[in-house]
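Since the structure comes first, as structure tokens, the remarks are kept for the end.
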Amino acid sequence: MAKVIDKPTTIKRPIKRPDEYNDLVILQRIVVNANRIGDLEYAEMARARIDYLNNGMREELRTEFKRIMQVYEELLSEKNNRVTHATYTWRKVASKGEKQAMIDWARRKLPAEGFTALAKVGKIEDTVEYLIISFPNDFPSDVVQLAQNRIDRENRIQNQGGLS
């Protein structure tokens, strides 16, 4: 019987730490691969980052989200000549959470009603998409890009004098 010599193994980690990633797909791969090679500490750091991206919101981001919701409700109230709450929007926020709701709105093929209404009156900086590009490290990279594309498209339409 041949004698097996245990060699010390060194775990080669990527250059970046998990908290430097914003892409959930990449972070999921990191978790799988770190578990596969037995680097449980690195896998846990990646899992924590995934949880943060899915749920965690910095207080500044939460405050800004509440502010833009107030602006949207003021616009609805003005339009309807009575106090109007964004009930559908708040229901989505209650079921998904603020951050996930923003991600879902940015990933929609068509802009949300709030984006369209605010952009029409020149308040594009009070939209969820603008909030996303203002806090790019708090969202997955694809969401930031989609939000930027929507704003760029709206700016082109506004500059051409067309309707959105």
Side-chain angles (χ1 to χ4, degrees), residues 14-32 44-164:
I15 296 170
K16 283 181 161 183
R17 294 183 356 209
D19 61 351
E20 296 176 29
Y21 289 97
N22 291 320
D23 193 327
L24 293 172
V25 174
I26 291 172
L27 286 163
Q28 290 288 359
R29 285 187 201 143
I30 289 172
V31 169
V32 169
E44 185 53 39
M45 288 190 313
R47 249 188 247 103
R49 180 65 176 165
I50 290 169
D51 289 344
Y52 173 77
L53 289 173
N54 283 332
N55 302 319
M57 274 181 70
R58 291 190 289 153
E59 201 51 43
E60 306 128 311
L61 179 57
R62 182 168 277 120
T63 302
E64 276 300 297
F65 177 75
K66 288 177 182 173
R67 184 191 66 75
I68 65 170
M69 286 301 297
Q70 282 180 322
V71 170
Y72 179 52
E73 286 184 329
E74 287 170 11
L75 181 70
L76 289 174
S77 296
E78 220 174 87
K79 175 182 156 193
N80 297 327
N81 292 321
R82 63 183 173 84
V83 174
T84 306
H85 298 286
T87 308
Y88 173 78
T89 305
W90 284 118
R91 261 192 244 135
K92 174 133 179 143
V93 169
S95 69
K96 297 262 186 164
E98 296 150 320
K99 189 169 188 176
Q100 190 58 50
M102 288 190 279
I103 290 170
D104 290 351
W105 289 320
R107 286 184 172 154
R108 288 179 58 174
K109 286 188 181 205
L110 296 174
E113 184 180 320
F115 177 85
T116 306
L118 289 163
K120 217 175 256 187
V121 295
K123 293 187 174 188
I124 205 149
E125 55 288 323
D126 292 322
T127 62
V128 164
E129 287 78 359
Y130 194 85
L131 187 58
I132 290 170
I133 65 168
S134 298
F135 292 86
N137 293 329
D138 292 300
F139 294 95
S141 54
D142 70 305
V143 172
V144 175
Q145 188 58 51
L146 289 167
Q148 184 65 58
N149 292 347
R150 184 163 290 150
I151 288 172
D152 291 345
R153 181 180 177 279
E154 186 61 36
N155 284 335
R156 280 193 306 275
I157 290 170
Q158 295 289 333
N159 290 339
Q160 293 172 355
L163 299 173
S164 57

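The structure places CZ of F139 at 4.0 Å from CE of M102, a figure rounded to the nearest 0.5 Å. Annotation: the span from R62 atom CZ to E98 atom CD amounts to 4.5 Å, rounded to 0.5 Å. In this structure, CD in E20 is found 12.5 Å from CD1 in I26, a value given to the nearest 0.5 Å. A distance of 11.5 Å separates CE in M69 from CG in L131, rounded to the nearest 0.5 Å. From I157, atom CD1 reaches atom NZ of K120 across 11.0 Å, with rounding to the nearest 0.5 Å. With rounding to the nearest 0.5 angstrom, the CD1 atom of I151 is 5.5 Å from the CD1 atom of I124.
Classified by interplanar angle (parallel below 30°, tilted 30° to 60°, perpendicular above 60°), the ring pair W90/F65 is perpendicular.
The local environment of CZ in R108 is crowded, with over 12 non-hydrogen atoms from other residues, nucleotides or ligands closer than 6.0 Å.
Between V128 and F115 there is no side-chain heavy-atom pair separated by less than 4.5 Å. A heavy-atom distance below 4.5 Å is not found between the side chains of W105 and I132. Between Q100 and I103 the shortest side-chain heavy-atom distance falls below 4.5 Å. The shortest side-chain heavy-atom distance between E113 and Y88 does not fall under the 4.5 Å cut-off.
Panel note: side chain T127, backbone K123; no donor-acceptor pair is recorded below 3.5 Å. With R49 contributing its side chain and Y21 its backbone, the two residues share a donor-acceptor pair below 3.5 Å. In this structure, S77 contributes its side chain and T84 its backbone to a donor-acceptor pair below 3.5 Å.
Remark: E44 pairs with R47 by the side chain to side chain donor-acceptor pair (under 3.5 Å) rule, at least two apart or across chains. Under the side chain to side chain contact (heavy atoms under 4.5 Å, CB included) criterion, A46 pairs with P18, L27, I30, V31, not counting sequence neighbours. Annotation: side chain to side chain contact (heavy atoms under 4.5 Å, CB included) contacts of N149 (sequence neighbours excluded): Q145. Partners of T87 under the side chain to side chain contact (heavy atoms under 4.5 Å, CB included) rule, at least two apart in sequence or in another chain, are H85, R91. N155 is linked by a side chain to side chain donor-acceptor pair (under 3.5 Å) to nothing, counting only residues two or more places apart in sequence or in another chain. Contacts of S141 classified as side chain to side chain donor-acceptor pair (under 3.5 Å), with partners at least two apart in sequence or in another chain: none. For D104, the salt bridge (Lys or Arg N to Asp or Glu O under 4.0 Å) partners two or more places apart in sequence, or in a different chain, are K92, K96. Residues satisfying the side chain to side chain donor-acceptor pair (under 3.5 Å) criterion with Q148, sequence neighbours excluded, are D152. Judged as a side chain to side chain contact (heavy atoms under 4.5 Å, CB included), and not counting sequence neighbours, the contacts of Q28 are I50.
Within the structure, the salt bridge (Lys or Arg N to Asp or Glu O under 4.0 Å) test picks out the following pairs touching residues 63-85 (sequence neighbours left out): E64-R67, R67-D126.
Minimum interatomic distance between A119 and Q158 (heavy atoms only, all atoms of both residues): O-NE2, 3.4 Å. Between A106 and R150, the shortest heavy-atom contact is O-NH1, 3.8 Å.
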Could you go through V71 and L118, starting from their C-alpha distance and side-chain angles, then the distance that decides it, and tell me whether this counts as side-chain contact (heavy atoms from CB on, under 4.5 Å)? CA-CA 9 Å; V71 170; L118 289 163; 3.9 Å; yes
